[in-house]
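Ligands are counted one by one from 1 in listed order, and the atoms in each one are counted from 1 as well.
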Amino acid sequence: MSRRRQIYEGKAKILYEGPEPGTIIQYFKDDATAFNAQKKGTINGKGVINNRISEYVFTRLSHIGIPTHFIKRLNMREQLVRQVEIVPIEVVVRNVAAGSISKRLGIAEGEPLPHTLIEYYFKNDELGDPLIAEEHIACFGWASNEEMQDISAMAIRINDFMCGMFAAIGIRLVDFKLEFGRLWDGDYSRIILADEISPDGCRLWDMITGEKLDKDRFRRDLGGEEEAYQEVARRLGLLDTDNGPSEVLDLNAHRKLRGK
Ligand code: UDP
């Protein structure tokens with residue numbers, strides 16, 4: 001890999017300066033963290049799979065008219081994206097109670113919610129990404145009311161699309177996290193979908209067995225996280241040899257190296 005200027009290193013990705021102004025390279029790591037980085041580990045091959053899953057989901061979303069930062073996948077672990085100014089809000093969409101909402105409000109995990117909920121969290125590691133109300137967003141100027149209208153409308157469309165996409169492969173989309181950014185054009189900006197969509201930021205349960213196919217396997221020490229991520233990719237048709245053998249072969253090579 002040529003030496004490019006590193007812009008930022010996050011928990012699961014590294015961002016490098018892209019080849020042209022206004023572009024960025026997202027490098028997907030195998031590192032996994034949970035509970036605000038108190039738990040750290042690696043999930044072998046995760047970066048390769050998340051790069052591929054996120055490419056797939058962002059591409060499908062662009063086909064239904066959701067503007068995204070995704071430009072193209074460059075290789076196994078990297079994708080070229082548009083540079084945006086990240087809105088400092090994590091947008092969580094929930095269809096079924098799980099995780100923090102179950103803990104906070106005492107709702108049993110797996111209880112379907114009466115209707116889809118959108119929650120906002122302030123992106124701030126030092127504060128542990130606290131839950132906030134829309135009023136806080138307006139009050140502190142993290143996003144304008146017009147931007148929040150775009151964000152909430154897109155979040156609902158993304159949820160509707162993704163619920164169907166996953167249902168078609170026997171997966172229940174319990175909840176997921178989105179991040180949005182401002183794409184600047186002179187003095188004007190518009191909101192587009194940024195970051196990634198992968199089993200790192202989604203709760204995905206097998207519709208029949210209820211088996212967890214996401215990062216909760218790592219968070220809750222359930223084991224089998226590599227296989228779970230691969231299973232999601234496989235069901236999406238991303239590990240088929242017909243679709244390009246490189247991922248399958250390389251993942252297997254990786255596993256053989258580790259004697260698995
Ligand atoms: N999530 C995420 N990053 C975060 C917090 C949450 O990707 O920093 C995702 C998480 O994977 C889940 C959804 O957002 O799919 C809702 O997470 P929740 O609020 O239940 O938090 P958790 O139980 O992970 O603490």
Side-chain angles (χ1 to χ4, degrees), residues 8-13 26 28-41 43 46-47 49-51 53-54 57-58 61 69 86-113 115-134 136 142 151-152 154-156 158-159 161-163 165-167 171-181 193-207 210-222 225 228-229 231-232:
Y8 176 79
E9 176 154 13
K11 293 173 209 139
K13 292 192 291 293
Q26 286 199 139
F28 287 74
K29 301 193 281 186
D30 284 351
D31 296 353
T33 62
F35 314 119
N36 201 22
Q38 285 170 38
K39 180 180 162 95
K40 287 184 183 151
I43 302 174
K46 171 172 85 76
I49 291 180
N50 282 359
N51 185 22
I53 291 178
S54 202
V57 177
F58 274 58
L61 288 172
H69 74 161
I86 290 287
V87 175
I89 297 164
E90 299 199 337
V91 179
V92 169
V93 183
R94 299 184 186 273
N95 300 303
V96 177
S100 71
I101 197 172
S102 293
K103 227 179 267 166
R104 193 182 317 115
L105 303 179
I107 306 167
E109 283 213 319
E111 189 76 41
L113 296 169
H115 63 79
T116 299
L117 268 180
I118 304 185
E119 292 177 341
Y120 303 108
Y121 294 82
F122 180 43
K123 248 174 91 72
N124 184 312
D125 284 340
E126 272 169 41
L127 301 175
D129 298 343
L131 177 68
I132 50 173
E134 275 203 78
H136 294 100
W142 293 321
I151 286 174
S152 56
M154 274 192 244
I156 291 294
I158 293 167
N159 182 54
F161 180 80
M162 280 180 38
C163 276
M165 185 186 81
F166 281 117
I171 291 175
R172 194 170 176 204
L173 179 60
V174 171
D175 58 30
F176 60 99
K177 186 259 298 182
L178 298 172
E179 292 189 28
F180 293 88
L193 181 66
D195 194 47
E196 68 176 280
I197 296 180
S198 72
D200 267 8
C202 301
R203 283 198 171 90
L204 304 170
W205 296 355
D206 183 278
M207 269 184 171
E211 194 187 3
K212 296 185 195 328
L213 300 172
D214 56 58
K215 205 166 88 173
D216 271 350
R217 299 210 75 85
F218 169 78
R219 290 191 192 98
R220 302 180 185 191
D221 293 319
L222 300 174
E225 42 271 57
Y229 279 60
E231 178 62 12
V232 175

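Only one option out of Leu204, Val92, Val93, Val91 pairs with Phe176 in a side-chain contact (heavy atoms from CB on, under 4.5 Å); it is Val93. Screening Asp125, Asp129, Asp195 for a salt bridge (charged side-chain N to carboxylate O under 4.0 Å, His left out) with Lys11, the sole residue that qualifies is Asp125.
Residues satisfying the ring pair (Phe, Tyr, Trp, His ring centres under 6.0 Å) test with Phe180, not counting sequence neighbours, are none. In terms of the side-chain contact (heavy atoms from CB on, under 4.5 Å) criterion, residue partners of Asp216 (sequence neighbours excluded) are, by chain and number, Arg203, Lys212, Asp214, Arg219, Arg220. Listed by chain and residue number, Phe122, Phe140 satisfy the ring pair (Phe, Tyr, Trp, His ring centres under 6.0 Å) test with Trp142 (two or more places apart in sequence, or in another chain).
The pair Glu9-Lys29 counts as a salt bridge, with a side-chain nitrogen and a carboxylate oxygen less than 4.0 angstrom apart.
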Ligand-protein N/O pairs under 3.5 Å (ligand 1):
| residue | atom | partner | partner atom | Å |
| --- | --- | --- | --- | --- |
| ligand 1 | 8 (O) | Glu90 | OE1 | 3.1 |
| ligand 1 | 11 (O) | Arg219 | NH2 | 2.8 |
| ligand 1 | 15 (O) | Asp175 | OD1 | 2.6 |
| ligand 1 | 15 (O) | Gly201 | O | 3.4 |
| ligand 1 | 15 (O) | Arg203 | N | 3.4 |
| ligand 1 | 19 (O) | Arg94 | NH2 | 2.7 |
| ligand 1 | 19 (O) | Ser100 | OG | 2.6 |
| ligand 1 | 20 (O) | Arg94 | NH1 | 3.4 |
| ligand 1 | 20 (O) | Arg94 | NH2 | 3.4 |
| ligand 1 | 20 (O) | Ser100 | N | 2.8 |
| ligand 1 | 20 (O) | Ser100 | OG | 3.3 |
| ligand 1 | 20 (O) | Arg203 | NH1 | 2.9 |
| ligand 1 | 23 (O) | Ser100 | N | 3.3 |
| ligand 1 | 23 (O) | Arg203 | NH2 | 2.7 |

